[in-house]
2 protein chains.
Amino acid sequence: MSDTRPRREQILDSASRLFSERGYHATSMRDLAGELGMQGGSLYAHITGKEELLVEIVSHASRQFDEALFPLRALDMGAEEKLREAMHRHIRVVADNMDSATVFFHEWKHLSPQAYAHVVTWRDTIDRFYRDLVQEGIEEGAFRATLDPRMTAHLILSAVNWAYTWYRPGGPMTPRDVADQYADMLLSGLGVRAGQEGT
Amino acid sequence: MSDTRPRREQILDSASRLFSERGYHATSMRDLAGELGMQGGSLYAHITGKEELLVEIVSHASRQFDEALFPLRALDMGAEEKLREAMHRHIRVVADNMDSATVFFHEWKHLSPQAYAHVVTWRDTIDRFYRDLVQEGIEEGAFRATLDPRMTAHLILSAVNWAYTWYRPGGPMTPRDVADQYADMLLSGLGVRAGQEGT
DNA sequence: CCTACCGATCGGTAGG
DNA sequence: CCTACCGATCGGTAGG
């Protein structure tokens with residue numbers, strides 16, 4: 001009946017920011033409470049414990065990625081365009097959730113074994129999403145047949161994930177700018193001699 | 001006179017592993033001492049404090065990168081080959097120092113302001129190394145003139161740095177295998193239509 | 001390198 | 001949401 005949702009969301013927002021800036025273990029519940037103008041013990045009227053915060057932040061982040069990427073599977077698009085769109089959406093999730101994305105990449109090792117296993121499974125799913133995308137591209141003749149889908153997926157994921165370390169929302173580049181430049185470089189190659197293999 | 005060096009190195013090795021697995025703040029000095037079969041207080045016969053360990057691990061890692069990459073500046077090589085060699089060396093440093101590389105990427109935010117500033121400067125230097133490499137490649141006509149050196153450097157750094165999350169030493173792929181595949185993909189592009197720009 | 005200890009701080013709870 | 005408190009653990013030190 002009582003509207004505790006907004007307060008919970010304030011807590012989660014502050015926790016995301018503090019965990020991303022200082023790390024999970026270096027953030028005390030009193031630090032967090034102070035950000036919200038309350039005493040340490042008062043937090044426990046809204047949450048059951050510190051780890052619940054981490055679990056929710058990580059779950060929320062992985063859900064954002066899922067909701068952005070998985071609908072793409074069903075779309076009837078050329079592989080090049082689909083890769084470009086996937087990278088755009090992926091980078092947009094990172095850009096729109098810089099704090100929780102940072103927590104997601106840095107602090108998931110502190111989850112309980114059960115929640116930890118969830119993240120490992122999730123990572124495999126995202127990996128497979130990009131591997132399948134590459135494989136489809138090869139089969140439809142859009143991507144080079146010599147590509148290793150696993151390594152190609154690693155390369156793509158490197159680009160879109162690493163953005164959490166340098167991207168600054170509000171700067172001159174939108175997520176679409178970044179994705180377009182990355183996709184151009186990945187699809188066409190850096191070299192002027194592109195069209196020939198390797199060295 | 002007394003040979004404390006090896007013991008210090010054992011401590012640093014164990015600290016690298018524990019900090020990478022559990023994080024800096026979640027690793028207690030007693031955890032660390034236990035790994036080495038001693039009591040918590042005994043560590044302080046060899047080190048001055050916990051942060052000294054983090055500073056040394058991070059400094060060591062950045063030095064490894066410097067020593068691997070900077071000599072390349074002077075070498076007279078084509079840009080494509082130099083990029084390939086830089087990526088190989090960069091990935092080799094990550095692969096040979098998985099623990100300290102992980103600590104380097106995840107825990108540097110816990111450094112004191114002074115050591116923190118050092119890392120920020122270092123990051124700029126590495127960034128400039130790759131930007132210059134790209135710029136030279138453009139000038140010598142090996143790389144497309146339409147490339148943005150800054151974004152290209154981000155893409156390259158994404159690939160070589162992100163390897164810390166998935167590479168497994170002792171697995172089927174050597175650092176050279178990874179670097180060669182990445183360099184092939186980056187230089188020649190994923191698309192079969194490479195040679196034309198963008199979409 | 002150990003024993004024994006220090007003050008500080010931690011996450012969390014009781015009772016209101 | 002606060003006050004007051006709990007046991008546990010932290011990094012580090014003294015003295016040997």
Side-chain angles (χ1 to χ4, degrees), chain A residues 1-58 103 106-116, chain B residues 1-58 103 106-116:
Chain A
M1 201 61 63
S2 66
D3 192 354
T4 57
R5 286 273 299 289
R7 201 54 170 161
R8 255 187 86 90
E9 282 168 25
Q10 284 179 38
I11 294 173
L12 285 165
D13 271 4
S14 292
S16 293
R17 191 159 39 78
L18 291 178
F19 291 175
S20 75
E21 287 172 2
R22 311 181 188 178
Y24 176 68
H25 278 102
T27 303
S28 75
M29 297 304 272
R30 286 160 182 80
D31 290 339
L32 177 57
E35 286 274 310
L36 297 155
M38 50 169 96
Q39 299 299 316
S42 306
L43 285 169
Y44 294 86
H46 304 95
I47 61 168
T48 69
K50 189 179 185 182
E51 206 209 337
E52 185 195 18
L53 295 174
L54 184 57
V55 169
E56 287 222 15
I57 292 166
V58 167
V103 174
H106 282 194
E107 312 292 340
W108 64 287
K109 67 180 120 190
H110 298 121
L111 290 167
S112 66
Q114 184 186 357
Y116 185 94
Chain B
M1 205 59 64
S2 66
D3 191 353
T4 57
R5 287 274 299 291
R7 200 52 168 163
R8 257 187 84 91
E9 281 169 25
Q10 283 179 40
I11 294 173
L12 284 166
D13 270 4
S14 291
S16 293
R17 190 159 40 79
L18 290 178
F19 290 174
S20 76
E21 287 172 2
R22 309 181 189 177
Y24 175 68
H25 278 101
T27 303
S28 75
M29 296 304 274
R30 284 160 182 79
D31 291 340
L32 177 57
E35 287 274 311
L36 296 156
M38 49 170 96
Q39 298 299 315
S42 307
L43 285 170
Y44 294 85
H46 303 95
I47 61 168
T48 69
K50 190 181 185 183
E51 208 209 335
E52 185 193 21
L53 295 174
L54 183 57
V55 170
E56 286 222 15
I57 291 165
V58 167
V103 174
H106 281 193
E107 313 293 340
W108 64 286
K109 66 180 126 195
H110 299 121
L111 291 167
S112 66
Q114 183 187 358
Y116 185 94

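Quick note on labels: first sequence line is chain A, next is B, and so on, each numbered from 1.
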- Item | Lys50(B) to Tyr24(B) six-membered ring, cation-pi geometry met (6.0 Å, 45°) |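 Output yes; distance and angle both within limits.
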
- Message: Which nucleotide, if any, forms a Watson-Crick or G-U wobble pair with dG16(C), using both distances under 3.5 Å?
- Response: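 Check on dG16(C): paired to dC1(D), both distances under 3.5 Å.
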
- Counting Watson-Crick and G-U wobble pairs only, both distances under 3.5 Å, name the nucleotide matched with dC6(D), or none.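 Per the H-bond distance test, dG11(C).
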
What integer distance in Å separates [X]:[atom1] from [N]:[atom2]?
X: His25(A); N: dT9(C); atom1: NE2; atom2: P; answer: 18 Å
X: Gln10(A); N: dC1(D); atom1: CD; atom2: C1'; answer: 14 Å
X: Tyr44(A); N: dA14(C); atom1: OH; atom2: P; answer: 13 Å
X: Glu51(A); N: dG12(C); atom1: CD; atom2: P; answer: 9 Å
X: Met29(A); N: dC5(D); atom1: CE; atom2: P; answer: 22 Å
X: Gln39(A); N: dC10(C); atom1: CD; atom2: P; answer: 14 Å
X: Leu32(A); N: dC10(C); atom1: CG; atom2: C1'; answer: 14 Å
X: Leu43(B); N: dT3(C); atom1: CG; atom2: P; answer: 14 Å

Just compare [options] and give me whichever is closest to any side-chain atom of [X].
X: Lys50(A); options: dG11(C), dC1(C), dC2(D); value: dG11(C)
X: Arg7(A); options: dC1(C), dC1(D), dT3(D); value: dC1(D)
X: Arg30(A); options: dC5(D), dC2(C), dC1(D); value: dC5(D)

- Message: Would you call the rings of His110(B) and His25(B) parallel, tilted or perpendicular, taking 30° and 60° as the class edges?
- Response: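 Perpendicular, since the angle between the ring planes exceeds 60°.
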
- Mapping Ala26(A) and Thr48(A) to their closest nucleotides on DNA chain C, which lands nearer the 5' end?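 Nearest-nucleotide comparison on DNA chain C picks Ala26(A).
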
- Task: Would you check if the side chain of Glu107(B) reaches a backbone N or O of Leu54(B) as a donor-acceptor pair within less than 3.5 Å?
- Result: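 Not confirmed, Glu107(B) side chain does not pair with Leu54(B) backbone.
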
- Message: So, does Ser28(B) get its side chain near the phosphate of dT9(D), meaning an N or O under 4.0 Å from OP1 or OP2?
- Response: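 For dT9(D), neither OP1 nor OP2 has a side-chain N or O of Ser28(B) closer than 4.0 Å.
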
- Query: Any side-chain N or O of His46(A) less than 4.0 Å from the OP1 or OP2 oxygen of dC1(D)?
  - Reply: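 Affirmative; the distance criterion is met.
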
- Look at all strands and tell whether Gly40(B) reaches a base, only sugar-phosphate, or nothing, counting heavy atoms closer than 4.0 Å.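 Touches nothing.
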
- Is there a side-chain contact between Met29(B) and Ile47(B), using heavy atoms and a 4.5 Å cut-off?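 SC-SC contact between Met29(B) and Ile47(B) confirmed.
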
- Are the side chains of His46(A) and Gln10(A) in touch, meaning some heavy atoms are under 4.5 Å apart?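 Heavy-atom side-chain distance check fails, nothing below 4.5 Å.
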
